[in-house]
Amino acid sequence: MTVGITSNILAIAILLKAYQRFRKKSKASFLLFASGLVITDLFGHLINGAIAVYVYASDRNWSKFDHADVLCSIFGMCMVFFGLCPLLLGSVMAVERCVGVTEPIFHSTTMTSRHAKIILTCVWLFAILVALLPILTFRYYHIQATKTWCFLKTEQIENWMDQFHLLLFSCLGFLSLAISFLCNAMTGITLLRSRMRSQQHRQGRSHHIEMIIQLLAIMCVSCICWTPFLFTMANIGLKIYGSQSQETNQTILFALRMATWNQILDPWVYILLRKTVLRKLFRIARRCCGVEIISLHAWEFSSIKNSLKVATISDSPSCTRTNTLSISQKSDTEQKCELIETK
């Protein structure tokens with residue numbers, strides 16, 4: 001919990017600093033979604049972690065401190081809300097980047113910071129609605145077999161509504177991962193094609209590539225962390241497990257612990273997979289491999305000096321040309337000017 005909170009606070013500081021730099025550019029909407037994701041993870045650690053610590057401190061005696069099952073309902077809603085939000089926001093970010101790369105004109109005219117905030121709010125409201133659905137349908141949340149957490153009913157399922165809630169949670173999670181995979185694949189293919197066609201607009205493509213690397217990392221982390229839990233809940237909803245045993249309960253708890261690592265690893269994607277950090281890692285890797293690296297600063301300085309020399313000589317009176325007259329023989333000074341410009 002402490003590691004997750006510290007990581008998310010550091011990632012929020014980095015993203016807010018980046019948002020101030022790119023407030024009026026196409027990257028602003030992506031940074032807004034990323035900030036929303038990290039803030040959601042932070043509150044997930046604070047709320048769920050605090051309740052879990054309180055439950056353990058009370059020796060998991062729910063009848064002693066939660067007679068009306070109020071805390072269990074809050075715990076269950078938070079588990080669903082903070083579980084779905086990272087998956088939904090990951091898919092929204094993938095769709096936003098896909099539109100930004102494949103339809104840049106439409107994205108620049110439509111996807112403003114205001115629209116990004118509206119979409120972010122809608123995602124949060126939708127996750128809240130899904131979390132409230134069991135209470136609105138009078139199915140409520142239940143204490144799990146290990147008595148350490150609350151979630152949808154996973155034992156002795158007899159009502160189809162209990163099955164529906166489990167399958168809805170699992171399907172939304174799998175659908176978010178599938179959308180992320182498809183959109184990231186389309187974005188990657190588009191960037192590869194544009195790189196093969198032209199070498200122009202390198203700066204814009206570098207921003208796109210940085211964001212795509214971050215999205216791919218988020219997708220991989222989400223798939224690894226959430227697939228076991230989503231698969232387990234789907235099997236329970238389909239009654240594949242039948243009557244649960246102690247081994248099944250331990251499997252559920254292990255899958256849950258894997259899912260909680262998603263909120264710890266997400267912020268490190270934005271901490272480590274930044275352009276400046278990747279550039280430094282690339283230079284270190286090249287040095288370790290024994291590849292000689294030309295100093296970028298020295299190269300830029302020498303290029304500027306050469307450009308200034310060419311501009312100075314080109315602006316001299318001896319280098320002035322007229323397009324209306326065709327000169328058959330050129331002076332030595334003009335030939336030197338042309339040679340310098342060619343170089």
Side-chain angles (χ1 to χ4, degrees), residues 1 44-45 47-88 126-178 222-263:
M1 176 182 170
H45 278 291
I47 298 174
N48 290 341
I51 297 175
V53 169
Y54 179 75
V55 170
Y56 273 98
S58 304
D59 200 22
R60 295 181 290 178
N61 189 359
W62 288 85
S63 59
K64 180 180 178 181
F65 59 83
D66 191 26
H67 300 286
D69 292 335
V70 175
L71 184 62
C72 182
S73 298
I74 295 174
F75 199 3
M77 285 189 295
C78 290
M79 292 293 291
V80 172
F81 174 78
F82 292 112
L84 278 180
C85 270
L87 298 173
L88 294 173
F126 178 74
I128 290 174
L129 179 62
V130 175
L132 287 172
L133 199 58
I135 295 176
L136 296 176
T137 55
F138 303 102
R139 302 311 303 169
Y140 304 106
Y141 289 92
H142 295 264
I143 302 170
Q144 301 304 303
T146 56
K147 294 184 178 180
T148 56
W149 60 297
C150 290
F151 199 65
L152 302 168
K153 190 174 182 180
T154 58
E155 293 181 300
Q156 299 177 353
I157 297 177
E158 298 176 354
N159 193 293
W160 69 271
M161 286 297 296
D162 295 326
Q163 289 181 276
F164 171 76
H165 293 148
L166 286 171
L167 292 175
L168 177 65
F169 179 84
S170 300
C171 290
L172 287 175
F174 282 126
L175 181 62
S176 299
L177 293 176
S222 298
C223 287
I224 294 171
C225 294
W226 274 104
T227 299
F229 188 77
L230 295 173
F231 186 74
T232 303
M233 292 298 109
N235 285 340
I236 294 174
L238 296 172
K239 295 186 177 180
I240 293 178
Y241 283 147
S243 59
Q244 290 188 27
S245 59
Q246 184 66 24
E247 183 179 355
T248 305
N249 293 329
Q250 291 300 320
T251 302
I252 296 173
L253 189 60
F254 175 76
L256 174 67
R257 286 169 177 166
M258 282 193 65
T260 57
W261 273 94
N262 182 74
Q263 295 174 327

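All values reported here derive from a predicted model rather than from experimental measurement. Computed over heavy atoms, backbone and side chain alike; hydrogens, waters and symmetry mates excluded.
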Requested in this report: To the nearest 0.5 Å, tell me how far L256 CG sits from W261 CH2.
Outcome: 13.5 Å

Query raised in the report: Any side-chain heavy atom of D69 sitting closer than 4.5 Å to one from F75?
Result: no

Query raised in the report: Would you say W226 and F231 make side-chain contact, with heavy atoms under 4.5 Å?
Result: no

Query - L87 vs L230 side-chain heavy atoms within contact, under 4.5 Å - result: yes

Query raised in the report: Parallel, tilted or perpendicular: which fits the ring planes of F65 and W62, with parallel below 30° and perpendicular above 60°?
Result: tilted

Report task. Look up atom CE in M258 and atom OG1 in T227, then write down how far apart they are to the nearest 0.5 Å. Result -> 8.5 Å

Query raised in the report: With a 3.5 Å cut-off and no angle check, do the side chains of T251 and N249 form a donor-acceptor pair?
Result: no

Requested in this report: With the side chain counted from C-beta on, respond yes when H165 and V80 share a heavy-atom pair under 4.5 Å apart, and no when they do not.
Outcome: no

Query raised in the report: Do H142 and L152 touch side chain to side chain, with heavy atoms closer than 4.5 Å?
Result: no

Query raised in the report: When the ring centroid of F254 is compared with that of F229, is the distance short of 6.0 Å?
Result: no

Report summary line: Output for pair (W149 CH2, C78 SG), nearest 0.5 Å, gives 14.0 Å

Requested in this report: Report yes if some heavy atom in the side chain of I236 is under 4.5 Å from a heavy atom in the side chain of M233; otherwise report no.
Outcome: yes

Report task. Give, for atom SG of C150 and atom OH of Y140, the distance between the pair rounded to the nearest 0.5 Å. Result -> 14.5 Å

Query - Heavy-atom check, side chain of Y141 versus side chain of I135, under 4.5 Å - result: yes

Query raised in the report: Distance from C225 atom SG to R257 atom CZ, nearest 0.5 Å?
Result: 14.5 Å

Requested in this report: Supply the atom-to-atom distance L84 CG to L168 CG, rounded to the nearest 0.5 angstrom.
Outcome: 8.0 Å

